[in-house]
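Presented below is the structure to which this report refers.
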Amino acid sequence: MAEYKTPMLIIGAGPAGYTAGIYAARAELNPIIVTGHQPGGQLTTTNEIENYPGFVEPIKGQKLVDDMRQQALNVGCRIINDTITEIDFEAPPYICSSEKHNQYQSDCVIIATGATTKWLDVPGEEKFRGWGVSSCATCDGFFYRGKCVAVIGGGNSAVEEALYLANLASQVIVIHRRDSLRADKILQDRLLNHPRVTVLWNTVVEEIFGHDTPPAVAALKVKNVKNDVESTLSVDGIFVAIGHIPNTGIFRSHLDLDQQGYILTYPTGSCQTNVSGVFAAGDVVSGNFKQAILAAASGCLACLEAEKYLAQLK
């Protein structure tokens, strides 16, 4: 067991966590980043990124987060591969205990644990994730211009993804397990009246097929839940939009969360949680958009607010 002391503890190592660490290290706050189980977060499952500023050519998601990590190390951030399992936010200094039986004591905490995509968990999905199976239309839709894609889901996120893709793809097939959408009425009207969108009602995905060399999605098998009739659809891409799960389990009895489990911050636009000196950034915070650049920006904001908080403590 080891004990660590730092003015700023950052929990999570995605774009938000690394950006907060970079800013904190440059401010000579000697921050510690505890990575968690999935350093890099959802970017590690993204094959190519074209919309992150500063890269003329597409960059692999894993390469982008690896560069963020190295940049954080270069400016003096300490990064520890560990997972926080218990927290004490009663009063500063805050104490966090870990899976490796380490203890971290800090004057302030930035939570950047992100959110986990809900996947279909069907054969072929994991194999082709990043090679035709995606969870982000704004990230990957550009690669499917003039092609046929499927969107899985029936809520606001799925309908928004489908409408976005309809501006790029030749055809968008929305696959929903029920006989009506859960999205807002105005979004439903736009979707159902779009000439390039088709909806398959009462339908679930059974399996995803594709080519191995080069890896690419080619088709999916679906089943009508009313009559159990199966069929195969030829598609070039599949976008799963059935929601995210915020990684907030250990914070539930300590911080204010919304109904979906995302951390609430006060006031709107701030990163401050209901506990003084505890901030939240990135996809772990309630919001409509899941983008790496937005997560990085909120990591910067969280650090600046935390820096101001530490100055007031002194």
Side-chain angles (χ1 to χ4, degrees), residues 4 6 8-24 31-46 61-62 64-65 68-69 72 77-89 94-100 102-106 108-119 135-136 243-266 270-275 277-303 305-306:
Y4 300 92
T6 174
M8 182 185 296
L9 176 66
I10 301 166
I11 306 175
Y18 283 138
T19 302
I22 290 166
Y23 273 76
I32 292 177
I33 295 176
V34 178
T35 63
H37 284 138
Q38 188 183 8
Q42 295 185 65
L43 277 187
T44 59
T45 64
T46 304
Q62 185 65 61
L64 180 58
V65 292
M68 290 179 181
R69 174 187 174 90
C77 192
R78 187 170 187 179
I79 301 174
I80 299 176
N81 293 321
D82 200 356
T83 300
I84 299 299
T85 54
E86 295 181 26
I87 55 176
D88 180 357
F89 286 166
Y94 299 120
I95 305 298
C96 297
S97 303
S98 78
E99 191 174 72
K100 295 182 178 179
N102 296 320
Q103 192 173 86
Y104 301 86
Q105 179 177 310
S106 62
C108 73
V109 177
I110 294 177
I111 299 167
T113 48
T116 303
T117 299
K118 290 182 182 179
W119 295 102
S135 63
C136 180
H244 292 79
I245 303 172
N247 301 320
T248 55
I250 64 171
F251 307 113
R252 290 186 181 278
S253 60
H254 302 270
L255 302 178
D256 290 347
L257 309 178
D258 69 9
Q259 290 183 341
Q260 287 73 45
Y262 290 95
I263 296 175
L264 294 170
T265 56
Y266 309 94
S270 168
C271 294
Q272 173 65 59
T273 70
N274 60 296
V275 176
V278 177
F279 304 85
D283 289 355
V284 76
V285 179
S286 179
N288 293 325
F289 304 106
K290 308 297 181 188
Q291 296 292 301
I293 191 169
L294 294 178
S298 68
C300 167
L301 177 60
C303 180
E305 290 184 347

If every non-hydrogen atom of [X] is compared with every non-hydrogen atom of [Y], which pair is closest and at what distance?
| X | Y | result |
| --- | --- | --- |
| E99 | H37 | OE2-NE2, 2.9 Å |
| C303 | A20 | SG-O, 3.6 Å |
| C108 | Y94 | CA-CD1, 4.3 Å |
| L9 | T6 | N-CG2, 4.0 Å |
| A112 | G17 | CB-N, 3.6 Å |

Using 0.5 Å steps for rounding, measure from the [atom1] atom of [X] to the [atom2] atom of [Y].
| X | Y | atom1 | atom2 | result |
| --- | --- | --- | --- | --- |
| I33 | M8 | CD1 | CE | 10.5 Å |
| D82 | Y4 | CG | OH | 7.5 Å |
| Y104 | I11 | OH | CD1 | 10.0 Å |
| I10 | T19 | CD1 | OG1 | 9.5 Å |
| Q103 | I84 | CD | CD1 | 10.0 Å |
| F89 | C96 | CZ | SG | 5.0 Å |

ask   = Does Q62 have any side-chain hydrogen bond (donor to acceptor under 3.5 Å, both in side chains) partners at least two apart in sequence or in another chain, and if so, which?
value =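 Q62 satisfies side-chain hydrogen bond (donor to acceptor under 3.5 Å, both in side chains) with D66 once adjacent residues are dropped.
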
task = Check side-chain hydrogen bond (donor to acceptor under 3.5 Å, both in side chains) between D88 and all other residues, then give those that pass, not counting sequence neighbours.
result =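 If we apply the side-chain hydrogen bond (donor to acceptor under 3.5 Å, both in side chains) test to D88, skipping adjacent residues, there are no hits.
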
ask   = So which pairs with a foot in residues 246-255 pass side chain to side chain donor-acceptor pair (under 3.5 Å), sequence neighbours left out?
value =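 Checked against side chain to side chain donor-acceptor pair (under 3.5 Å) - neighbours excluded - the pairs reaching residues 246-255 are T116-N247.
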
Can you list everything that forms a side chain to side chain contact (heavy atoms under 4.5 Å, CB included) with [X]? Sequence neighbours excluded, please.
| X | answer |
| --- | --- |
| T35 | A13, P39, R69, I79, N81 |
| Q105 | K5, P93, I95 |
| T273 | L255, I263, V275, V278, A280 |

message = Take a 6.0 Å sphere around CZ of F251 and say whether it holds more than 12 heavy atoms from other residues, nucleotides or ligands.
response =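 Counting other residues, nucleotides and ligands, CZ of F251 exceeds 12 neighbours.
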
key: Donor-acceptor contact present, side-chain T265 to main-chain S270, <3.5 Å   =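 Yes.
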
query = Taking the side chain from D256 and the backbone from N274, do they hold a donor-acceptor pair closer than 3.5 Å?
reply =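 No.
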
query = Does a side-chain heavy-atom distance below 4.5 Å link L43 with P15?
reply =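 Sidechains of P15 and L43: in contact.
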
query = Hey, does W119 have a side-chain heavy atom less than 4.5 Å from the side chain of S135?
reply =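 Of all side-chain heavy-atom pairs linking W119 with S135, at least one is under 4.5 Å.
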
inquiry  = Please tell me whether S286 and Q260 have a donor and an acceptor in their side chains that are separated by less than 3.5 angstrom.
reply    =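 There is no such pair (donor and acceptor under 3.5 Å, judged by atom type) between the side chains of S286 and Q260.
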
message = Please evaluate residues Q38 and T44 with respect to the criterion side-chain contact (heavy atoms from CB on, under 4.5 Å), reporting the C-alpha separation (whole Å), side-chain torsions for both, the decisive distance (0.1 Å), and the verdict.
response = CA-CA 9 Å; Q38 188 183 8; T44 59; 3.1 Å; yes

